[in-house]
Amino acid sequence: MAHRKLTLPRSLPFAIPAIALFVSLLSLTGCQDDTALVRKIQYKRQVEQQSQSQQDHLGDVFALLEQYVELEPKKARRQIAYHLNRWSESQPATATATERADLVKTIEDLFPPEELKKLVDDSTYQPGDAEHLRDCFLFHSLYSWIDAEHLDERLLADWFTDLAKTIPEDQIDQLKTATRLFDWTVRNVAFEPDVPTTGAPPGPQFPAGMTFRGPGYRQTDYQTLMRGTGDGLQRAGVFTQLCRQANIAAAVIGTIDGTSGAVTPYFVGVLVGEEIYLFEPRLGIFVPGPGQVGIATLAQARRDELVLRRLSIAGLDEFTYPISKSDVQQCVALFNFSPVTVSPRMELLQNGLTGNRRMSVYADADELAKRFDAVTGVASTRLWNVPVLAEMYRAICEQHAERDPIFNFWYVARWAMLEADFDSAKNLAHGRWLHLLGQFSDVEEENIKGARTLYLEQRAPEFEIEDLRIDVDLQAAYGIRRADLDVSSEQFDQRIAEIQTMMRLGKRTATYWLSLLQADDDRTETAQNWIDDRVLDESQASIWVEPARYNLGRLAEALGDTDRAIEIYKRENAPQEHGSRIRARLVAKQTDD
């Protein structure tokens, strides 16, 4: 083996005396000892270099990502960027820089040029990249356990059997995975209307045509997933993120206004083979194919006017679907990629992820655009602006909250039981995080709690919550000490009341999520009992009553009680009544068949 070239230590003040000492030793010992001394010094340096190179910086990144929800965000972001840059230094230099994706031009107007250049073109990892990687890690972990047979869409079982006679097995597998991911999204992201019906204080002014509480961008995909509630576009965001981690080509499909050219997103299109299969996130149902069989393709919707007409409910004008055959003759495919996703540093990282660290952190947007462009009916492709607008919306709301106490209270209060800086909120967030990662049960040999235990610990008995007002020991257990708060008796009582409200919200949220976890864990009857006996208990009314009823219908359907399922789906004034009535029709048809 050739000897490594002797290099100077990094610290020059120590390097100069070291060189002098080395020369002195050579002059004293003579040529006879020269080789042995050089080898000794080289060996020491070699050990130091190997020690540095052997540090698994990617391993450190994944360790931070796995615990991200428990860490202080700013510190975690800096640490992740540090380890990624140290890892990057050990990678072979590329001959040429990756060219910027052409599709980036479709969102250029949303950024100052220098900011976009830093996001898209920079090869150095930045603290802001950590949130992108956190999302990739979370969505990939979620996809990994959702893609299981017990989470199959039962309405499509016979269709898949027939379809297997005409298309390759790998395409069948992709479609089955896509339906599992969509179905999980619908069941676990409670539906909200595009325009919220709840009250709110005046909000800030927004650029880029955004409005306060506008559709899609009023929360990020990560927030939608963690909170478990969102509008149709936010559901589309979650579904397309999951598809990307499953290496399934998916895009939000929008129609084009013939007069203004405005694009309105309606569907998510999954490209399998040469066909785009349509899913409707607002309705919470795949678009039924001709004869209400299987999943409709874009080609079928463009050819057969009955495909989209059957998304209306006969006799109920309020459930008339606004899109017809003529509207989908020319569509736009919108890709749910943040600018960071198409950057060269993410391409480098993607190529370096192997084994159980594999996940999708980079997307070749132009290549995907070519595939969608090749499908008849797709007139153009773009990056979806919603991910960018969601980050802008969040930043502007947070700045406004710092100046307006009333807005701050409204902005923070609804999700304080999950996102505030106190123990019960942190524990609920940790439980939710583990649920999404698929860590349901405790790891007893390592004394690690799973999501099920953390959810159960949120369910403090009502007497304990009530006693918080008078029980000093209980107050201390929850970190509330009158002596530590320089407030009046009235203010202290108000503080206690606020904490009691948060405890009840946290308890009821944990109860609902625990029922969903039981279904995810293939414990269908247990999940049904949890919803019947606990979530829908009149004394436990919460924001989760309506999505719990929908999930109760899904559980009844899975258990073969189709009459009860159809009755639940047809319940009037439910937030997702339109889509649920379509599902009731499909369930009845399957039962009759």
Side-chain angles (χ1 to χ4, degrees), residues 52-69 71 73-104 107 111 115-144 220-222 225 237 240-250 335-369 383 387-388 391 436-437:
Q52 292 173 1
S53 64
Q54 285 171 357
Q55 181 175 355
D56 184 3
H57 287 289
L58 277 188
D60 291 336
V61 169
F62 274 80
L64 290 166
L65 290 175
E66 190 169 4
Q67 304 172 61
Y68 197 97
V69 76
L71 305 176
K74 289 184 179 179
K75 185 177 180 181
R77 287 194 290 265
R78 289 195 301 268
Q79 289 178 328
I80 287 172
Y82 166 80
H83 287 296
L84 286 173
N85 283 315
R86 297 293 78 75
W87 168 81
S88 177
E89 291 169 359
S90 67
Q91 301 306 299
T94 54
T96 57
T98 303
E99 293 184 2
R100 177 184 287 191
D102 287 340
L103 247 58
V104 173
I107 58 168
F111 294 94
E115 182 181 347
L116 185 62
K117 187 176 187 299
K118 184 177 181 181
L119 285 171
V120 177
D121 302 328
D122 203 329
S123 59
T124 301
Y125 294 96
Q126 305 156 22
D129 295 343
E131 290 190 353
H132 167 69
L133 296 177
R134 171 204 64 191
D135 293 358
C136 294
F137 177 80
L138 180 58
F139 279 99
H140 187 272
S141 300
L142 180 57
Y143 139 69
S144 298
T220 65
D221 290 341
Y222 173 78
L225 191 57
T240 50
Q241 291 265 24
L242 287 169
C243 284
R244 182 155 66 87
Q245 294 304 325
N247 293 317
I248 295 173
F335 301 118
N336 185 22
F337 302 150
S338 67
V340 175
T341 311
V342 299
S343 66
R345 60 189 181 277
M346 289 304 154
E347 183 178 17
L348 175 67
L349 180 58
Q350 181 75 70
N351 294 333
L353 297 178
T354 59
N356 59 7
R357 293 176 183 169
R358 286 186 183 276
M359 62 182 186
S360 179
V361 299
Y362 168 78
D364 188 337
D366 290 347
E367 179 61 30
L368 189 60
L383 292 184
V388 176
E391 294 296 340
L436 298 174
L437 293 186

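The model shown is predicted, which means the values in this text are computed figures rather than measured ones.
Side chain of Glu391 to main chain of Ser338: no donor-acceptor pair is present (N/O by atom type, distance under 3.5 Å, no hydrogens or angles). Here the side chain of Asp135 pairs no donor or acceptor atom with the backbone of His132 at under 3.5 angstrom. Without hydrogens or angle criteria, Ser343 side chain to Val340 main chain gives a donor-acceptor distance under 3.5 Å. A donor-acceptor pair under 3.5 Å is absent between the side-chain atoms of Glu347 and the main chain of Thr341, judged by distance alone. Under the 3.5 Å distance criterion, the side-chain polar atoms of Asp366 are matched with a main-chain donor or acceptor of Leu103. Checked by atom type and distance alone, the side chain of Tyr125 pairs as donor or acceptor with a backbone atom of Arg345 at under 3.5 Å. Judged by distance alone, with hydrogens and angles left aside, the side-chain atoms of Gln245 form no donor-acceptor pair with the main-chain N or O of Phe139 at under 3.5 Å.
Taking 4.5 Å as the limit, some side-chain heavy atom of Pro387 sits within range of a side-chain heavy atom of Asn336. Contact annotation: the side chain of Phe62 never approaches that of His83 to less than 4.5 Å [non-hydrogen atoms, C-beta and beyond]. Here the side chains of Arg244 and Cys136 are in contact, with some heavy-atom distance below 4.5 Å. Within the 4.5 Å cutoff, no side-chain heavy atoms of Val61 are placed close to those of Phe137.
Between Arg86 and Glu89 there is a salt bridge, since at least one side-chain N of the basic residue sits less than 4.0 Å from a carboxylate O of the acidic one.
Between His140 and Tyr143, the ring planes are perpendicular. Angles over 60° get that label, and only those under 30° would be called parallel.
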